[in-house]
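Before any comments, here is the structure.
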There are 2 protein chains.
Amino acid sequence: MDIEKLADMLKALADPTRLKMVAMLHHRDCCVCEFVPVFKISQPAVSKHLSRLKTAGFVKESRKGQWVFYSLRRETLEQVGLGLMQLPDMSEELNKLEQQGLLVNVCCE
Amino acid sequence: MDIEKLADMLKALADPTRLKMVAMLHHRDCCVCEFVPVFKISQPAVSKHLSRLKTAGFVKESRKGQWVFYSLRRETLEQVGLGLMQLPDMSEELNKLEQQGLLVNVCCE
DNA sequence: TTATCATATAACTATATGGTTATGCAAAAG
DNA sequence: CTTTTGCATAACCATATAGTTATATGATAA
């Protein structure tokens with residue numbers, strides 16, 4: 001995965017409120033008005049957090065009558081886990097450093 | 001793992017520069033002055049990123065003469081991966097909602 | 001000792017982030 | 001049709017974040 005994309009997905013998760021939202025959605029789909037009393041923040045704040053999670057691909061929404069329910073896209077969470085285990089190869093950057101003589105060589109280590 | 005702690009660790013990773021630093025350290029220990037030409041940011045900026053990674057437990061430092069080399073703490077990365085797979089149980093929060101009659105029940109779904 | 005190099009920290013700045021209130025719209029209820 | 005409920009968006013504000021330059025410190029070189 002592109003490292004900029006991975007960083008953006010991590011940023012979407014890197015907030016206690018959004019992490020707890022994901023944990024709740026692990027149990028059960030939830031609608032916006034159910035999150036409000038749990039986190040004790042305003043409804044627009046909840047909507048913005050869910051929008052952030054949606055943009056990053058962690059949740060999808062579906063309207064049920066007057067409610068909008070959010071559900072977890074578990075495969076996206078797995079992608080992030082995999083992405084962390086398989087970080088992109090940076091050896092080219094290190095090779096460039098070596099060609100420019102910018103690698104530090106410590107004697108007697 | 002505590003969800004606040006996990007969020008904080010994710011925040012430390014959720015930056016393209018720091019993610020690339022971790023990827024580089026996956027190959028080889030690096031000192032501060034090696035990162036500077038790779039990321040084209042100032043030396044203090046590099047130091048601050050490394051300090052953030054260190055506080056979160058992702059790297060450790062060791063002085064080698066005049067240089068300070070940073071190395072990866074791979075077990076911390078694994079902890080984060082595990083933490084994402086085993087998010088804390090939020091069923092208690094859902095039970096509270098149910099007791100308060102705040103769970104939405106959609107008919108005919 | 002003095003000068004230089006590598007690094008860390010302090011002070012500052014611009015932008016990102018997470019919250020708020022106000023408001024508009026869609027769906028359900030009266 | 002009118003009112004109410006649930007949600008999203010806009011505008012705004014305070015704090016966090018990521019960069020900068022200036023400077024202090026520790027280790028090496030002269």
Side-chain angles (χ1 to χ4, degrees), chain A residues 3-4 7-22 25 29-56 59-71 97 101-109, chain B residues 3-4 7-22 25 29-56 59-71 97 101-109:
Chain A
I3 210 159
E4 308 279 338
D8 194 67
M9 295 174 77
L10 288 172
K11 208 169 280 187
L13 284 183
D15 174 87
T17 300
R18 289 194 293 273
L19 258 188
K20 289 175 195 163
M21 284 176 162
V22 168
L25 293 174
D29 294 358
C30 296
C31 63
V32 177
C33 65
E34 290 171 330
F35 286 118
V36 173
V38 172
F39 297 107
K40 289 159 187 151
I41 56 178
S42 66
Q43 170 266 313
V46 169
S47 278
K48 280 209 296 185
H49 280 302
L50 288 167
S51 172
R52 184 88 173 79
L53 286 173
K54 186 185 157 197
T55 301
V59 301
K60 55 178 185 291
E61 53 179 327
S62 63
R63 181 174 277 275
K64 296 266 175 66
Q66 58 184 323
W67 297 282
V68 175
F69 275 78
Y70 283 82
S71 56
L97 280 187
L102 295 175
L103 274 191
V104 174
N105 287 296
V106 182
C107 299
C108 319
E109 51 179 340
Chain B
I3 210 159
E4 309 278 340
D8 194 66
M9 295 174 78
L10 288 172
K11 210 169 280 189
L13 285 182
D15 174 87
T17 300
R18 289 194 293 271
L19 257 188
K20 287 175 197 165
M21 285 175 161
V22 167
L25 292 174
D29 294 359
C30 295
C31 65
V32 178
C33 66
E34 291 172 329
F35 287 118
V36 173
V38 172
F39 297 108
K40 289 157 188 153
I41 57 178
S42 66
Q43 171 266 315
V46 169
S47 277
K48 281 208 298 183
H49 280 301
L50 289 167
S51 172
R52 185 88 172 79
L53 287 173
K54 185 184 158 200
T55 300
V59 302
K60 55 178 183 292
E61 54 178 328
S62 64
R63 181 174 277 275
K64 296 269 175 63
Q66 59 186 325
W67 298 281
V68 175
F69 276 77
Y70 284 83
S71 56
L97 281 187
L102 295 174
L103 275 192
V104 174
N105 286 296
V106 181
C107 299
C108 318
E109 51 179 340

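Please read these numbers as outputs of a predicted model, since none were measured by experiment. Residue numbering restarts at 1 for every chain, and letters A, B, ... go by the order of the sequence lines.
Backbone-only contact: B:Tyr70 has heavy atoms under 4.0 Å from sugar-phosphate atoms and none from a base. Looking at heavy-atom distances under 4.0 Å, A:Lys54 makes no contact with the nucleic acid at all. A:Glu34 comes within 4.0 angstrom of no nucleic acid atom, judged by non-hydrogen atoms across all strands.
For the pair A:Ser51 (side chain) and A:Ser47 (backbone), a donor-acceptor distance under 3.5 Å is absent. With hydrogens and angles ignored, the 3.5 Å screen pairs a side-chain donor or acceptor of B:Glu34 with a backbone N or O of A:Val104.
For B:Gln43 against C:dA8, a side-chain-to-base donor-acceptor contact under 3.5 Å is present.
The residue among A:Gln66 and A:Ala45 whose nearest nucleotide of DNA chain D is located toward the 5' end is A:Gln66. Each of B:Lys48 and B:Phe69 was assigned the nucleotide of DNA chain C with the nearest heavy atom; the assignment lying further toward the 5' end belongs to B:Phe69.
Looking at heavy atoms from C-beta onward, B:Val32 lies in side-chain contact with B:Tyr70 at the 4.5 angstrom threshold.
Atom NE2 of B:His49 is separated from atom CE of B:Met21 by 6.0 Å, given to the nearest 0.5 angstrom.
At least one side-chain nitrogen or oxygen of B:Arg18 sits closer than 4.0 Å to the OP1 or OP2 atom of D:dA18. Taking 4.0 angstrom as the limit, A:Ser42 places a side-chain polar atom (N or O) nearer than this to OP1 or OP2 of C:dT20.
Atom-to-atom, CG of A:Asp8 to P of C:dT17 comes out at 8 Å; the value is rounded to the nearest Å.
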